Amino acid sequence: MDMLKQEIKRLIIDALDLEDTQPEDIADDIPLFGDGGFGLDSIDALELGIALRKKYKVQLEANDAGNREHFRSVNSLAQLVKAQTQAV
Amino acid sequence: MARLELHREKVLTLHSVVLPLIAPIARRSVWESITDEGAPARVPEVGFVEPMLRRRLSSLARIVLHVAHDCVRDVTRARIVFASRHGELARTTKMLESLATGEELSPTLFSMSVLNASAGLFSILQKNTAPSTAISAGTASFGYGLLEACLQLAERPDLPVLYLYADEPAPADYETGEPLDRPTLVLGLLLDASASTRVACTSLATGAPPGNEAQAKAFIRALDQGEGAWSEGGRTWRWEKNG
């Protein structure tokens, strides 16, 4: 799981061109979106969705209310990836 | 036929009324990808742009923001006229390549791929709600953009106009006929009715053969040496600086 979290942090940095950010700068439980968190925006959410689909074949529904919860933090993204890759 | 002639006469009348236009230039800033010494120039750092916005800038957008920032300084309320032949075409090309290979389109690329993306970003950074105009007119984009900027200033002299011209060569796939090794050139001019540097601009049918130079380079020559001219399609654009 820690390996996966590390991998997701690297994916976030690469997919979103976070030039001066290192994986250790992103805490596992920091809210990724919105004020007071890591500060990503809605374009980042779309970009990240594409990167997750490409790397992990994660299935995401466009209007799924659960997406907000899945994209909350590195922890929740790792759970999403783990759940979907185990289900296959 | 008679109606067509009439129409043409009107256009000619309009030209003779508005030309020569005077461009009063308060400040200018130029960035070229090749320095005067022939070395490649470094893309500016644009440290005044916050990192979360900066990461999405193309190199052309970085240069435009740098030049715009250098031009306006304390003038936070100015209309913006942005001219470019190709704008952010490199980004559009990347998206077309993704489509061709069946990949999903990048939302970041999409959101920043319009011709005048950098002018829009600059207005957001400055919280500047004054009007913003974008012009694209082939190889004469610089001249027509300046024409637009001068007309806007003539119409309302109390609000300065920031004129931005920016072009990098189109990706090779486009075969525009322009030299691919032509340097990226970004030129910013702050037009202010009270400026003492004044450049007279004319555009006349002369039948002169086209040259090989970028149009904006001829204008920069006028600023530096007093006079510059550029021809294409039998029309000659001429700029002359006062004194």
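Values reported hereafter were calculated over all heavy atoms of this structure, with side chains retained and with hydrogens, waters and symmetry mates removed. Numbers restart at 1 for each chain; the letters A, B, ... are given by sequence-line order, proteins then strands. Note that the coordinates shown come from a computational prediction; the quantities given were computed from them, not determined experimentally.
Within 6.0 Å of CG on B/Asn212 lie no more than 12 heavy atoms contributed by other residues, nucleotides or ligands. Within 6.0 Å of CG on B/Asp36 lie no more than 12 heavy atoms contributed by other residues, nucleotides or ligands. Counting non-hydrogen atoms of other residues, nucleotides and ligands closer than 6.0 Å to CD of A/Glu24 gives a total above 12. For B/Glu175, the CD atom is loosely surrounded, since the number of other residues' heavy atoms within 6.0 Å does not exceed 12. For A/Lys5, the NZ atom counts as densely surrounded, since its 6.0 Å shell holds more than 12 non-hydrogen atoms of other residues, nucleotides or ligands. Other residues, nucleotides and ligands contribute over 12 non-hydrogen atoms within 6.0 Å of the OH atom of B/Tyr174. Atom CZ of B/Arg42 has 12 or fewer heavy atoms from other residues, nucleotides or ligands within 6.0 Å.
Note: B/Arg56 CZ to A/Glu19 CD = 12.0 Å, rounded to the nearest 0.5 Å. Note that CD1 of A/Ile43 is 8.5 Å distant from CE of B/Met112, once rounded to the nearest 0.5 Å. Note that CG of A/Asp44 is 4.0 Å distant from CZ of B/Arg55, once rounded to the nearest 0.5 Å. Here the straight-line distance linking atom CG of A/Asp17 with atom CG of B/Leu57 works out to 10.5 Å at 0.5 Å rounding. Taking CG of A/Leu46 as the reference point, atom CD of B/Glu104 lies at 10.0 Å (rounded to 0.5 Å).
Between A/Leu40 and B/Met52, some side-chain heavy-atom pair lies under the 4.5 Å cut-off. Side-chain contact between A/Thr21 and B/Pro51 is absent, with no heavy-atom pair separated by less than 4.5 Å.
Heavy atoms closer than 4.5 Å to chain A are found in the side chain of B/Ser111, but not in its backbone.
Your options are A/Glu47, A/Arg53, A/Lys54, and the one with the most heavy-atom pairs under 4.5 Å with chain B is A/Glu47.
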